[in-house]
Amino acid sequence: MSKPDRNDHLNFILDKALRLDHLGKEEVLFLLRIANKDEIEQLFNAARQIRSRFFSNRVFLYGFIYFSTYCRNDCTFCYYRKSNLITGRYRKTADQVMETAQKLAESGVHLLDLTMGEDPLYYDSGQFEGLLNITELAKETTGLPVMISPGAIPRELLDKFKNIGVDWYACYQETHSRKLYETLRLEQDYDKRLNIKKHARELGLLIEEGILTGIGESTEDIYNSFVAMRQLDANQLRVMSFVPQKGTPLEEYRTVHSDYELLIIAVLRLLFPDKLIPASLDVEGINGLERRLNAGANVVTSIIPSEDGLLGVSQSTLDIEEGGRTIPGIVPVLERCGLQPATLQQYLEWVESEKHNSSNDLLTFADQRPC
Ligand code: SAM
Ligand code: MD0
Ligand code: SF4
C-alpha cells in the first residue's frame with residue numbers, strides 16, 4: 001500500500017472505531033501491525049478520545065497485595081515458579097494483610113487485589129478457609145471492592161467467594177493459543193483455566209482476562225485473544241509485556257520492546273471502549289505509567305505500600321521501597337496526562353452498573369465485536 005493509501009486506510013479504521021462501528025479482523029490486524037511513529041500517535045489519539053468519552057478524565061486505582069509467594073506450579077515465565085530456588089518467599093498473616101489493606105484504603109485506592117501463587121498450603125490440603133477468612137476480613141475492614149487472584153481455584157470455592165461479597169475474579173490465560181499455552185503454564189489444563197472464568201461470569205462476578213506479549217505469540221494470536229476476551233464477556237482486559245526472570249527457563253529469552261504492549265492497549269480500547277484496561281506498574285514501574293495511560297489505559301494497577309515488605313510479580317522490587325508505586329507517586333503522572341483519580345463513588349457506580357449490564361445487552365456495543 002502506498003503511503004497516502006495507508007493513511008486513508010488508517011483514518012477510515014479509526015473513524016469507524018470512533019463511531020463505535022464493528023472492526024473486522026483484517027482491520028484489527030492492520031492496527032496491530034502499525035510500526036510508523038505518526039500512525040501510532042494517531043491510534044493512541046483515537047484511543048484517548050474513546051476513553052474520554054466513556055470515562056472522562058477519571059482513572060481507577062488498584063491496591064495490590066501479593067500475600068503469598070508460594071506456588072505449586074512451574075510457569076516458565078514466572079519468578080515465583082516452584083522450581084525457582086529463590087530465597088525469601090513469604091506468606092503474610094491475616095493481621096499483616098489487614099494492616100496493608102487498611103493502609104491502601106486510607107491512601108485512596110478504589111479496590112484491593114488479593115493475589116497469591118497457587119500456594120500448596122491451601123491447594124494441597126483442599127482447605128481454603130484461611131483464604132476465605134483473609135478475604136472477608138479485608139473486605140470488612142476497608143469496605144472496598146475486592147478482586148481475588150488466587151489461581152485456578154475449584155468451582156465450589158468460587159461460589160463461596162461470591163457469597164462473601166467478592167467483586168472480581170482475575171485469572172489470566174496469558175495466550176489463547178493452546179500450543180503456546182502448553183509451553184508457558186506447564187501441566188495446567190487450558191480448559192480448566194478458561195472455564196473457571198466462564199463460571200465466575202455466570203455467577204455474576206466481574207472478571208479480568210489477561211495476555212502476555214513478547215512471549216512468542218503471533219499477531220493472529222493477539223487477535224484470537226481479543227475474540228476470547230469478547231466471548232468471556234470480560235470486564236477488565238490486561239496485556240503485560242513479558243519480563244524475563246532470573247532463575248527461570250526463559251531468563252535469557254529475547255523478548256520484544258514494550259512499545260508493542262502499548263499498541264495492544266490502544267487497540268483494546270478501540271474494541272472494548274467501556275471496559276477497564278490496566279496500566280500496570282509491574283512492568284516498567286513508575287517510568288512506564290505515562291506511556292500506558294497515553295495509549296488509552298484507565299486503571300493503574302500494582303499500587304503497593306513502600307514499607308510492608310510486599311513484592312510485585314513481574315517486577316518484584318522495582319520502585320516499591322522508594323514509594324514510586326503509591327498514590328502520591330502516581331498522581332503527578334496522572335496530572336501530566338490530564339487525568340485525575342476517580343472518586344470511590346464513581347468506581348462503585350461503574351462496578352454496580354457493570355454487574356447489571358453484560359456488554360451483550362448494551363446496544364451501543366452489540367455491533368462492534370471484533371469477530
Ligand atoms: N498465581 C496466580 C496466577 O498465576 O493466576 C496469581 C498470580 S498472577 C498475579 C500472575 C500473573 O502475572 C500472570 O498471570 C502473568 O500474567 C503475570 N506475570 C507473571 N510473571 C510475569 C513476567 N515474568 N512478565 C510479565 N508478566 C508476568
Ligand atoms: C498488577 N502485579 O496489577 C499485578 C498483577 C494480579 N491480579 C495483578 C499482575 O500488575
Ligand atoms: Fe504460580 Fe501464578 Fe507464577 Fe504460575 S504465574 S508460577 S501459577 S504464581
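Numbers for residues simply follow the sequence, beginning at 1. Remember, it's 1-based here, ligands and their atoms both numbered in the order they're listed.
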Counting only heavy atoms, which portion of [X] has something under 4.0 Å from ligand 1: side chain, backbone, both, or neither?
| X | value |
| --- | --- |
| Cys171 | neither |
| Leu212 | side chain |
| Gln188 | neither |
| Gln173 | neither |

The protein heavy atom nearest to atom 17 (C) of ligand 1 is Met240 CE, 3.6 Å

Among all protein heavy atoms in this structure, tell me which lies nearest to atom 1 (N) of ligand 1, with the distance rounded to 0.1 Å.
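The answer is Met116 O, 3.0 Å.
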
Under 4.0 Å from any heavy atom of [X], which atoms of ligand 2 are there?
| X | answer |
| --- | --- |
| Asp113 | 6 (C), 7 (N), 8 (C) |
| Ser280 | 1 (C), 10 (O) |
| Val313 | 2 (N) |

Quick check: [X] and ligand 1, any N/O pair under 3.5 Å apart?
| X | result |
| --- | --- |
| Pro244 | no |
| Glu174 | yes |
| Arg185 | yes |

Looking at side-chain heavy atoms only, is the closest gap between Phe77 and Leu212 below 4.5 Å?
yes

Should the proximity of [X] to ligand 2, defined as any heavy atom under 4.0 Å, be assigned to the side chain, the backbone, both, or neither?
| X | value |
| --- | --- |
| Ser302 | both |
| Tyr172 | side chain |
| Phe64 | side chain |

Below 4.0 Å from any atom of ligand 1, is there a heavy atom belonging to [X]?
| X | value |
| --- | --- |
| Gly151 | yes |
| Arg193 | yes |
| Arg238 | no |
| Ala170 | no |

Salt-bridged, [X] to [Y], with N to O below 4.0 Å?
| X | Y | result |
| --- | --- | --- |
| Asp119 | Arg91 | yes |
| Asp74 | Arg185 | no |
| Arg291 | Asp259 | yes |
| Glu208 | Lys197 | no |

Can you tell me how far apart CG (Leu112) and OG1 (Thr135) are? Round to the nearest 0.5 Å.
10.5 Å

Apply side-chain hydrogen bond (donor to acceptor under 3.5 Å, both in side chains) to Thr115 and list each qualifying residue two or more places apart in sequence or on a separate chain.
Asp113, Ser149

Closest non-hydrogen atom pair between Glu27 and His22, with its separation
OE1-O, 4.1 Å

Under the side chain to side chain contact (heavy atoms under 4.5 Å, CB included) rule, collect the residues that match up with Ser2, sequence neighbours excluded.
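Expected list: Pro4, Asp5.
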
Do His110 and Tyr62 make the cut of ring centroids closer than 6.0 angstrom?
no

Would Tyr70 and Tyr80 count as a close aromatic pair, with their ring centres under 6.0 Å?
no

Within the 4.0 Å heavy-atom sphere of ligand 3, strictly under, residues
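Under the 4.0 Å cut-off, ligand 3 touches Tyr66, Cys71, Asn73, Cys75, Phe77, Cys78, Arg81, Gly117, Arg185.
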
Is Arg238 in polar range of ligand 2, meaning some N or O pair under 3.5 Å apart?
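By distance alone, the answer is yes.
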
Which salt bridge (Lys or Arg N to Asp or Glu O under 4.0 Å) pairs, counting each pair once, include a residue from residues 44-60, with sequence neighbours left out?
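Every pair satisfying salt bridge (Lys or Arg N to Asp or Glu O under 4.0 Å) with a residue in residues 44-60: Glu41-Arg48.
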
Pair Ser258-Glu284, side-chain donor/acceptor within less than 3.5 Å:
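Note: Ser258 and Glu284 side chains meet the donor-acceptor criterion.
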
